[in-house]
**Student:** 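Mind looking over this structure? Questions follow.
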Amino acid sequence: MFSLFRRALLSVAIGACGVALSGAALAQAPDTILIKGKIVSADAQGSTHQALAIRDGRIVALGSSAAVGRLAGKQTRVVDLAGRTVIPGLIDSHMHSIRAALSYTTEVHWFGTTSLEEALGRLREAARTAKPGQWLIVAGGWTEEQFKERRRPTQAELVAAAPDHPVYVQWMYGWAMLTPAAYKALNLNAETDLPGGGKFERDAEGKPTGAIAGGIVPLFDKLPLPGFEQKVEGTKKFFRELNRLGLTGLVDPGGFNMSPAEYAPLFQVWRDRQLTVRMAYAYFSQKRGKELEEFRELTQLLPMGFGDDMLKFNGIGERVTFGMYNNDKPTEADKEQFYQAARWAAERGMTVTQHWHSDASVGHLLDVFERVNREIPIGKLRWSIAHLNDGSEATFARMKALGVGWAMQDAMYYDGERSLKARGAAALSRMPPMRTALKVGVTIGAGTDAHRVANYNPFVALRWMLDGKSAGGVALRGPEETPTRIEALRMYTSGSAWFAHDEARRGSLELGKLADLAVLSRDYLSVPADEISAIHSLLTLVGGRVVYADGPYKAFE
């Protein structure tokens, strides 16, 4: 006897009825049917359908509305799409989502603001409802390029917005503005009190502006932390917000100060069966000089892929060793230490992802990958390089030969204009080189690197992938490195699923695959490119289960 899962993979095409059915669809009525829509499969053939049927969390029929509609039983939920577009659930290949979720409900968010006045208004509103003396923290995800004023806030503006609260506003990992109340609360009286080598920013007259440059990670660590219950609540609410934007999957590379204890809120949500995104998480080293020892200790009971359909362990990275992290000139000792950790991971069949920015120095990393590969083939392990916005064709060829993927993000949307001044228009016109990587055959997983350095919104990233414009509207990337809309969508679906070893089960809307999908507020394929960033989901399903519903579908939640 075939199992239900195996039967679901045996499709029966009935051309006269305009429907493709699986064995499961022939055996039982669907749980849910979506009809009268534009269902973008994002499969290799570029298929589009009117209707889709779901049974036991998987897609069991695709075709015309009339044919799929006839499969409905008495208990089948029928969703009238009214012509709306359905896409596979989006998957971010590189988001620090577990960390972002911990403090989501205790931060002030500047995502999507278009003016500094609007951003300060969010601070004023937070101050109005906050308890006396409560910290107000903006942890990142914004850039002055998105503001019409084209500048960062002053200390006086933060004080005016929240005079009775300590305020901390961070820009990426390079700068933070604090109010006097925040300095007092942290006991920062002189530059020597700053952790991690940070410096006071000074104006033309040499007076401190209130901002701190450098040492941002240890500075952030001095801020008050949410309690456990706040972290659990933040995790649930952040993932629901991602569901609102059509995200159904995440590949999380860990992050700074993500000790094992910081994963407990996620595990709690998972145990309570309230996890609404499929999470594949890696572990990011925290102990300088003891990275391999740390991995050995923490992963003894975490074999590669350990977990279930909603949560699984996905290896190590993006900081495998300190010596090869943000270091364009690693020593032989640095590379040997990285080799030992990478070889250990390969022996255990583990996925490895590594942060690297510059093509000029990425050869150091690829040399180590190739050394490991000569001893233990890594082609099936889904190793990857994150960032690498200026990757060359030669680099991508080496990656392709190793089976190494590219986790690509929209950093140039936020930092493009500064990079333009530093590197020039010719360099920025090909950053990142998506078409070159596609031509070489490297697997690309799209993402955001949110939330300290970027907005988590996938439609902001998709818009940027297609028009190449910075947050300030400056055209940077040229058409020679710009993908089509379907190519960009595939990077955000099946491309990202590859990094979680899951492209055979999700990432496209095909028979037998998991019913992870989003019904969009507007048609991604036809809306003007500059309006893509305003798209959101009206109905998001994960394994056929409604995890977000709004507007005409609110009653389904």
Side-chain angles (χ1 to χ4, degrees), residues 57 89-92 95-112 122 126 129-131 134-135 137-141 224-255 257-282 307-314 447-448 450-452 454-458 500 506 514-519 536-551 553-557:
L90 299 173
I91 305 167
D92 193 306
M95 184 193 293
H96 300 277
S97 55
I98 301 171
R99 182 182 64 193
L102 297 175
S103 55
Y104 182 69
T105 57
T106 62
E107 293 176 2
V108 180
H109 303 291
W110 284 3
F111 306 122
R122 293 190 184 181
T129 59
K131 297 176 181 178
Q134 179 179 326
W135 276 84
I137 298 169
V138 179
L225 296 173
F228 183 78
E229 291 305 320
Q230 289 176 307
K231 291 177 180 180
V232 170
E233 187 64 18
T235 297
K236 291 188 287 189
K237 288 189 175 180
F238 183 57
F239 291 166
R240 176 177 168 81
E241 167 66 2
L242 299 184
N243 296 148
R244 184 185 70 84
L245 295 168
L247 280 158
T248 61
L250 299 166
V251 182
D252 191 298
N257 310 315
M258 283 294 293
S259 68
E262 297 302 320
Y263 290 80
L266 170 69
F267 297 155
Q268 179 69 53
V269 174
W270 170 70
R271 285 197 303 272
D272 291 342
R273 299 184 181 275
Q274 295 180 326
L275 194 56
T276 60
V277 291
R278 301 188 194 276
M279 173 70 71
Y281 70 95
D308 63 11
D309 279 352
M310 294 304 297
L311 179 69
K312 66 180 180 181
F313 177 62
N314 202 49
T448 58
H451 82 308
R452 299 282 173 81
N455 190 338
Y456 49 75
N457 190 332
R506 56 188 172 118
L514 293 165
D516 296 358
L517 57 85
V519 180
H536 57 92
S537 179
L538 296 173
L539 180 66
T540 306
L541 306 184
V542 174
R545 175 170 65 103
V546 175
V547 295
Y548 180 82
D550 197 14
Y553 307 114
K554 186 67 176 176
F556 290 127
E557 194 166 25

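This structure is a prediction, so every number in the text was calculated from the model and none was measured.
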**Student:** Do Ile91 and Arg506 come close enough that some side-chain heavy atom pair is under 4.5 Å?
**Tutor:** yes
**Student:** Is there side-chain contact between Met310 and Val542, with heavy atoms separated by less than 4.5 Å?
**Tutor:** yes
**Student:** For Tyr548, is there any backbone N or O sitting under 3.5 Å from a side-chain donor or acceptor partner on Arg240?
**Tutor:** no
**Student:** If you take all heavy atoms of Phe111 and Ala454, which pair is closest and at what distance?
**Tutor:** CE2-O, 3.9 Å
**Student:** What is the minimum heavy-atom distance between Pro253 and Val251, and which atoms define it?
**Tutor:** CD-O, 3.7 Å
**Student:** State, with a plain yes or no, whether a side-chain heavy atom of His96 is found less than 4.5 Å away from one of Met258.
**Tutor:** no
**Student:** Would a distance-only check, ignoring hydrogens and angles, find a side-chain to backbone donor-acceptor pair under 3.5 Å from Lys312 to Ala500?
**Tutor:** yes
**Student:** Which value, rounded to the nearest 0.5 Å, describes the distance between Asp309 atom CG and Leu514 atom CG?
**Tutor:** 6.0 Å
**Student:** Which atom pair, heavy atoms only, marks the closest approach of Met95 to Asp252?
**Tutor:** O-OD2, 3.1 Å
**Student:** With a 4.5 Å heavy-atom cut-off, do Asp272 and Lys236 have their side chains touching?
**Tutor:** no
**Student:** Let me confirm one number: the CG-CH2 distance from Asn455 to Trp110, rounded to the nearest 0.5 Å.
**Tutor:** 14.0 Å
**Student:** Nearest 0.5 Å, please: how far is CG in Leu247 from OG1 in Thr448?
**Tutor:** 8.0 Å
**Student:** Under a 4.5 Å cut-off applied to non-hydrogen side-chain atoms, are Phe239 and Leu275 in contact?
**Tutor:** yes
**Student:** Could you give the distance from CZ (Phe238) to OG (Ser97), rounded to the nearest 0.5 Å?
**Tutor:** 6.5 Å
**Student:** Mark yes or no for whether His536, through its side chain, and Gly246, through its backbone, hold a donor-acceptor pair below 3.5 Å.
**Tutor:** no
**Student:** What's the separation between atom CG in Leu541 and atom OH in Tyr553, rounded to the nearest 0.5 Å?
**Tutor:** 11.0 Å
**Student:** Can a donor-acceptor pair be found, under 3.5 Å and without considering hydrogens, that links the side chain of His109 to the backbone of Tyr104?
**Tutor:** yes
**Student:** If you compare all heavy atoms of Ala139 against all heavy atoms of His451, which two are closest, and at what distance to 0.1 Å?
**Tutor:** CB-NE2, 3.9 Å
**Student:** Which class fits the ring pair Tyr263 and Tyr281: parallel under 30°, tilted 30 to 60°, perpendicular over 60°?
**Tutor:** tilted
**Student:** What is the minimum heavy-atom distance between Leu539 and Ala549, and which atoms define it?
**Tutor:** CD1-CB, 3.9 Å
**Student:** Over all heavy atoms of both residues, which pair between Lys237 and Thr105 is shortest? Give the atoms and the distance, please.
**Tutor:** CD-CG2, 3.6 Å
**Student:** Examine the side chains of Thr540 and Asn243 and answer whether a donor and an acceptor come within less than 3.5 Å of each other.
**Tutor:** no
**Student:** Between Asp516 and Gly543, is there a donor-acceptor pair closer than 3.5 Å when you use the side chain of the first and the backbone of the second?
**Tutor:** yes
**Student:** Measure the spacing between CD of Glu241 and OG1 of Thr276 and express it to the nearest 0.5 Å.
**Tutor:** 11.0 Å
**Student:** By the definition side-chain contact (heavy atoms from CB on, under 4.5 Å), identify the one residue from Leu102, Leu266, Ile98 that meets it with Lys231.
**Tutor:** Leu102
**Student:** Which residues pass the side chain to side chain contact (heavy atoms under 4.5 Å, CB included) test with Pro260, not counting sequence neighbours?
**Tutor:** Tyr283, Leu298
